[in-house]
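Worksheet: one structure, shown below.
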Amino acid sequence: MRSHYCGQLNESLVDQEVTLCGWVHRRRDHGGVIFLDMRDREGVAQVVVDPDTPDAFASADRARSEYVLRITGRIRMRPEGTQNANMPTGLIEVLATQVEVLNTAVTPPFQLDEHGKVGEDVRLKHRYIDLRRPEMIDRLRLRSRITHSVRAYLEDNGFLDIETPILTRATPEGARDYLVPSRTHSGEFFALPQSPQLFKQLLMVAGFDRYYQIAKCFRDEDLRADRQPEFTQIDIEASFVEENDVMGITEEMIRRLFTEVLDVSLPQFPRMTWHDAMRRYGSDKPDLRIPLEFVDVDDLMKDVDFKVFSGPANADDGRVAVLRVPGGAKLSRKEIDEYTSFVGIYGARGLAWIKVNDRSKGIEGLQSPIVKFMEGVIETLLDRAGAEDGDILFFGADRAKVVNEALGALRVKLGGDLDLYTRAWAPLWVVDFPMFERDDNGRLAALHHPFTAPACDPEALKQNPENALSRAYDMVLNGTELGGGSIRIHDQQMQRQVFEALGISDEEAREKFGFLLDGLAHGAPPHGGLAFGLDRLVMLMTGGRTIRDVIAFPKTQSAACLMTDAPGTVSNEQLKELHIRLRQKASDNTTA
Ligand code: ASP
């Protein structure tokens, strides 16, 4: 129906006849001449309709915002003084000869350039309107270029795109499953995959050697952070590989992606152990654009007459650390109070600080509610922290977990608030994760998932599971975990040992993952892989603020779709077929 996209028109087409199809972005009536800004996914072009063409004029007169039109006309230069150099099509206009209304449109719920005036709920409900905005189109276009680049790279490197089931059994990523009742198996349920983990391992057993998939994953978690119940992974697995192989292939993939799509050449990714990351940044996904680092001062605080510091300094699981913020002495009392409330979110009971006004004056040159407790150690402390005039030192003193989370979050917040970034992109690998962590009930839980290979032998794992490291690796970019993976266990004895450490009995292991264990017994090659969170990757690359900005039809924080109104109730017939009786009627609290 069209010869050109609106956004493709330019001076080189002057005097040519073109046919456009698109939406009325704006319509202006200039005393007898009608101007239509016509929009399609490639951009906006100005169309002029004058009364010399009465049919075209009548149609243009009828057109309103968001009507769908087909327009034929001739391209000409805009008259001097009306050109708009900021617009790609701003030097030319189309003098229409034919205007056809292909469809009308009801009044839109918001004007595209006034989307900020309505709440996100309105935009989500009418997502098809929101998606007409150039920013949204650009982000989804970039997403498509990203998946294209990734696919091309993986295909070039011998990876096969293989689909895995959506209706399946529970998978091991540790979140809550979305369940789907079976009609043909009364009382039984499918689970939607939290990841293709088990299937991709079985593809390695089958001998496919190199697999990838751009895979939908489902996790029924409380959506505290910026999460979606269904999200997309770039899922990768390969056989006869070790850590360096997987890290090398995927690092190259991301580097090539950034060059192709953003024209950015990323440096070689540094590697940091999990232990160092926690010690220096309080986080397993440190944002290395921010130059601030924690400095440990436990040894100095053991004997100070200030319980808030000496307590954690002497406790096994305690930590006292300092964060030096250059230039931070200019922070006001009010700002410091706000940072104190901020660290409170992470469980910190306060935020001690010292302003370094003039070091040459000794203790007199410091300003702080707590410095009086530290006379004997203050000089050593300042030296160790590298304190200079104009700095502020913030302290974290609590259980190590609280200090890491609170001071780690403060570090990231200060980086943004004070614009401390030293570069645009800071990728790294975090390696040497612990194999296990203690969950809230004090039990050992897998830090990644139970198929991650330990770095030690089964005997050492048995002797000292808490100290075991895993063969896992995470790729981190600008403080966001882009992807994570591991070398897997392919040896049954090791797998048994890991289940034992996790307190998973033989029966439970068989019941949950029997099919994988059987597969592993049939000649499993050494293998490993990794999965990237595509939504987050696209968000970082497009500068989106949330992953909702880079997903065409996202769900809300309460895991609902405002446009389709999903989830919804179903009829009694459907429930009956599924052998389900509800304990409570939907939208009603009485027991049925
Ligand atoms: N399946 C893992 C995940 O979803 C990634 C991996 O180990 O490859 O986090």
Side-chain angles (χ1 to χ4, degrees), residues 150 154 159 161-166 168-178 191-205 208-221 225 227-239 241-243 245-251 253-254 274 284-285 429-437 445-455 469-477 480-490 495 498 512-513 516 519-520 524-537 547:
V150 163
L154 291 169
F159 287 80
D161 178 4
I162 303 176
E163 287 166 82
T164 54
I166 294 294
T168 179
R169 286 182 79 88
T171 50
E173 308 297 346
R176 202 180 286 117
D177 288 316
Y178 272 100
L192 303 183
Q194 293 185 27
S195 81
Q197 184 62 33
L198 304 181
F199 292 103
K200 68 174 172 176
Q201 291 194 237
L202 290 168
L203 287 170
M204 296 304 106
V205 175
F208 282 98
D209 199 65
R210 289 184 162 208
Y211 142 97
Y212 82 98
Q213 181 182 193
I214 301 205
K216 268 291 172 80
C217 304
F218 306 85
R219 297 183 192 175
D220 186 5
E221 292 177 290
R227 300 243 175 102
Q228 285 281 307
E230 60 176 297
F231 59 96
T232 309
Q233 282 187 348
I234 304 167
D235 197 41
I236 296 172
E237 195 78 6
S239 294
V241 290
E242 295 180 329
E243 289 88 325
D245 302 307
V246 181
M247 291 160 82
I249 291 168
T250 52
E251 180 175 325
M253 178 181 98
I254 295 295
W274 177 89
D284 59 1
K285 40 180 185 296
W429 286 104
V430 177
V431 297
D432 291 348
F433 284 82
M435 187 67 195
F436 305 111
E437 60 186 347
L447 206 76
H448 277 82
H449 48 64
F451 307 106
T452 300
L469 297 181
S470 73
R471 298 179 68 186
Y473 30 77
D474 276 2
M475 188 192 285
V476 174
L477 180 63
T480 298
E481 182 197 325
L482 272 193
S486 59
I487 299 303
R488 325 296 184 188
I489 301 170
H490 66 279
Q495 188 66 70
V498 169
K512 282 192 172 151
F513 315 120
L516 177 74
L520 292 178
H527 62 288
L530 180 147
F532 289 97
L534 177 65
D535 309 295
R536 281 194 221 166
L537 177 63
I547 60 171

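Indexing begins at 1, ligand by ligand and atom by atom, following the structure's order. Computation of the quantities below employed the complete heavy-atom set of this structure, encompassing side-chain atoms and omitting hydrogens, waters and symmetry-equivalent molecules.
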In ligand 1, which numbered atoms sit nearer than 4.0 Å to a non-hydrogen atom of R219? 3 (C), 4 (O)
Should the pair F433 and W274 be assigned to parallel (<30°), tilted (30 to 60°) or perpendicular (>60°) ring geometry? tilted
So does Y178 have more than 12 non-hydrogen atoms from other groups sitting under 6.0 Å from OH? yes
So is H448 close enough to ligand 1, meaning a heavy atom under 4.0 angstrom away? no
Are R219 and S195 side-chain neighbours, meaning at least one heavy-atom pair lies under 4.5 Å? yes
Considering only non-hydrogen protein atoms, determine which one is nearest to atom 9 (O) of ligand 1 and report residue, atom name and distance to 0.1 Å. E173 OE1, 3.6 Å
Ligand 1 to K200, heavy atom cutoff 4.0 Å, flagged ligand atoms 6 (C), 8 (O)
For E163 and Q213 the tightest heavy-atom approach is CA-OE1, 3.3 Å
Polar proximity ligand 1 side, E237 side, N/O cut 3.5 Å exclusive: no
Only heavy atoms count here, so choose which of G484, S195, G485 is nearest to atom 5 (C) of ligand 1. G484
Nitrogen or oxygen atoms of Q194 and ligand 1 under 3.5 Å apart: no
Do the side chain of R488 and the main chain of H527 share a donor and acceptor less than 3.5 angstrom apart? no
Measure across P454 and I489 and return the closest heavy-atom pair with its distance rounded to 0.1 Å. CD-CG1, 4.1 Å
Tell me, please: is E481 in heavy-atom contact with ligand 1, that is, under 4.0 Å? no
Which atom names give the shortest non-hydrogen contact between D177 and L192, and what distance separates them? OD1-O, 4.2 Å
Does ligand 1 have an atom that lies less than 4.0 angstrom from a heavy atom of Q233? yes
So which heavy atom in the protein is nearest atom 7 (O) of ligand 1, and how far is it from that ligand atom? R488 NH1, 2.8 Å
Between Q201 and ligand 1, which part of the residue brings a heavy atom under 4.0 Å of the ligand: side chain, backbone, both or neither? neither
Taking only Lys NZ, Arg NE, NH1 and NH2, and the carboxylate oxygens of Asp or Glu, determine whether R471 and E243 approach each other closer than 4.0 Å. yes
Do any nitrogen or oxygen atoms of D235 come within less than 3.5 Å of a nitrogen or oxygen of ligand 1? no
